[in-house]
Number of protein chains: 2
Amino acid sequence: MFTVPFPARLSASSIIDAAWILLQEGGQDALNMRALAAALGVRPASLYRHFENREALVRALAERGVLELQDGIARATQGKGPRDALWAAASTYLNYARNHPHAYALMLFGDDSAQTSAQGQSAAKALWNTLLKLVGDLSGDPDDTDQAVAFWTFLHGAAMLDRQGLYGASGPRGGLDVGLTALLNHMETAGGSGDPSS
Amino acid sequence: MFTVPFPARLSASSIIDAAWILLQEGGQDALNMRALAAALGVRPASLYRHFENREALVRALAERGVLELQDGIARATQGKGPRDALWAAASTYLNYARNHPHAYALMLFGDDSAQTSAQGQSAAKALWNTLLKLVGDLSGDPDDTDQAVAFWTFLHGAAMLDRQGLYGASGPRGGLDVGLTALLNHMETAGGSGDPSS
DNA sequence: GTCTATACCTTGATAGAC
DNA sequence: GTCTATCAAGGTATAGAC
């Protein structure tokens with residue numbers, strides 16, 4: 001008579017926590033409703049009382065990842081000069097992507113890993129604004145989209161190549177330092193986007 | 001009596017051609033054995049006489065993509081000076097990724113889009129050698145791995161962000177030009193990897 | 001709110017007739 | 001070499017009892 005379902009065994013946050021672990025350890029494939037239910041000691045059907053479907057769950061995970069990464073960047077850049085802040089942001093970004101490869105992919109690619117996804121757009125916008133401000137602090141142009149695009153492009157490329165192990169056994173070596181140095185130098189010397197006429 | 005299976009309706013190359021179209025139009029999801037058989041006017045089981053399994057087919061497609069891209073770069077850079085050649089290579093690379101987004105992903109990510117894949121490694125190595133040589137021609141160091149890593153990182157990042165539509169409605173704007181300019185300038189001025197002691 | 005039970009779908013792949 | 005027929009495995013999701 002004390003096996004009535006109170007208090008609830010599940011909650012949105014406990015599900016997200018378990019799902020996050022599954023994602024972290026086995027990627028998207030490991031993140032399925034059966035495995036998730038098993039990890040929580042519950043039946044798959046029970047999950048649908050807390051999340052309408054798998055997509056909603058994935059959305060919540062992506063949001064969590066973006067907030068974590070943004071928070072990490074904010075903390076790493078606090079109190080630093082423009083150039084140091086950008087360097088710290090890059091380092092934080094790449095470390096996060098390396099330590100949470102599946103979450104990083106989930107944030108930017110969403111569910112399918114093809115085409116544009118809603119949470120990908122949202123995550124991208126959030127990260128974009130974060131990086132844009134930092135870049136503006138160095139280049140002097142508070143809306144230096146071109147330099148910010150270049151910076152983000154480089155970071156994302158490094159995150160993805162690293163994630164797939166495509167740098168090979170020797171890793172990126174000094175390539176990331178070299179690239180970042182080149183981009184930051186260019187920001188400092190070039191000032192704005194390079195086309196003041198527009 | 002003339003419906004005997006000669007001459008064969010299928011061949012490895014006709015299958016690859018059809019698979020390439022499916023991949024191009026619908027991505028990996030559209031590339032399944034049923035759809036492929038239907039596109040060829042044949043039953044799914046018949047495909048297994050020509051490819052041991054789906055993975056072998058994907059491997060062949062990845063190989064085709066790498067060759068196409070390498071060939072395009074070779075042609076675009078031919079007869080150009082070092083800096084122009086690198087610029088042309090970048091342009092060709094990004095155009096290829098934009099025009100064949102699914103094939104590009106297949107080449108570098110392989111089947112699953114998670115973890116390291118065999119054809120990903122192979123494709124990466126092939127592209128790497130192509131880019132390494134071009135970079136060496138500009139920087140002066142024939143084995144300037146750091147600069148080549150930076151260059152490739154940027155290209156891959158641009159290809160992936162573009163592919164996912166994450167640059168937003170306004171696109172990368174001048175960001176790609178800015179980034180490439182920064183990297184090429186750095187190659188010219190910095191000479192080697194920057195650590196002649198190693 | 002969780003359970004049992006199951007429907008339903010989409011895959012890749014195979015056996016054996018022709 | 002292609003066919004019919006079918007299996008096995010994996011997934012999301014729902015109805016209705018408790």
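Worth knowing before you read on, the calculation uses all heavy atoms, side chains too, and leaves out hydrogens, waters and symmetry mates. Below, chain A is the first sequence line, B the second, and so on; all start at residue 1.
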> Is the distance between the ring centroids of A:H186 and A:F151 less than 6.0 Å?
Replying inline: no

> Parallel under 30°, tilted from 30 to 60°, perpendicular over 60°: which one fits the rings of A:H156 and A:Y104?
Replying inline: tilted

>> Once rounded to the nearest 0.5 Å, what's the spacing between atom CD1 of B:I16 and atom CD1 of B:I21?
In response: 12.5 Å

> Do any pairs count as a side chain to side chain donor-acceptor pair (under 3.5 Å) and have a residue in residues 168-182 of chain A, sequence neighbours left out, and if so which ones?
Replying inline: none

> Between atom CG in A:L57 and atom C1' in D:dA13, what is the gap in whole Å?
Replying inline: 14 Å

> Between A:E52 (CD) and D:dT14 (C1'), how many Å, whole number?
Replying inline: 13 Å

> Tell me: CZ of B:F51 to C1' of C:dT14, nearest whole Å?
Replying inline: 19 Å

> Can you list every pair that meets salt bridge (Lys or Arg N to Asp or Glu O under 4.0 Å) and has a residue in residues 10-19 of chain B, with sequence neighbours left out?
Replying inline: B:D17-B:R64

>> I need the NE2-P distance between A:H50 and D:dA13, as an integer number of Å.
In response: 16 Å

> To 10°, what angle do the rotation axes through the five end pairs on each side of the helix from C:dG1-D:dC18 to C:dC18-D:dG1 form?
Replying inline: 10°

> Tell me, which of residues 36-47 of chain B have any heavy atom that sits under 4.0 Å from an atom in DNA chain C?
Replying inline: B:A45

Acceptor/donor pairs from residues 82-92 of chain B side chains to any protein atom, 3.5 angstrom cut, sequence neighbours excluded:
unit_1: B:R83; atom_1: NH1; unit_2: B:N185; atom_2: OD1; d: 3.0
unit_1: B:R83; atom_1: NH1; unit_2: B:E188; atom_2: OE1; d: 2.7
unit_1: B:R83; atom_1: NH2; unit_2: B:N185; atom_2: OD1; d: 3.0
unit_1: B:T92; atom_1: OG1; unit_2: B:A88; atom_2: O; d: 2.8

> Within this structure, what is the CG-to-C1' distance between B:L10 and D:dT2, rounded to whole angstrom?
Replying inline: 8 Å

> Taking C-beta and beyond as the side chain, do A:I15 and A:L10 meet within less than 4.5 Å on heavy atoms?
Replying inline: yes

> Do B:F109 and A:M160 come within less than 4.5 Å of each other through their side chains, counting heavy atoms only?
Replying inline: yes

> How many Å lie between CZ on A:R49 and P on D:dA15, as a whole number?
Replying inline: 10 Å

> Can you name the nearest heavy-atom pair linking A:L31 to A:L61, along with the distance?
Replying inline: CD2-CD1, 3.5 Å

> How about B:T130 and B:W152: do any of their side-chain heavy atoms sit closer than 4.5 Å?
Replying inline: no

> Roughly how far apart are B:R59 CZ and B:E52 CD, rounded to 0.5 Å?
Replying inline: 8.0 Å

Atom pairs under 3.5 Å, N or O on each side, protein against nucleotides 7-11 of chain D: can you list them with distances?
unit_1: D:dG11; atom_1: OP1; unit_2: A:N32; atom_2: ND2; d: 2.7
unit_1: D:dG11; atom_1: N7; unit_2: A:R34; atom_2: NH2; d: 2.5
unit_1: D:dG11; atom_1: O6; unit_2: A:R34; atom_2: NH2; d: 3.0

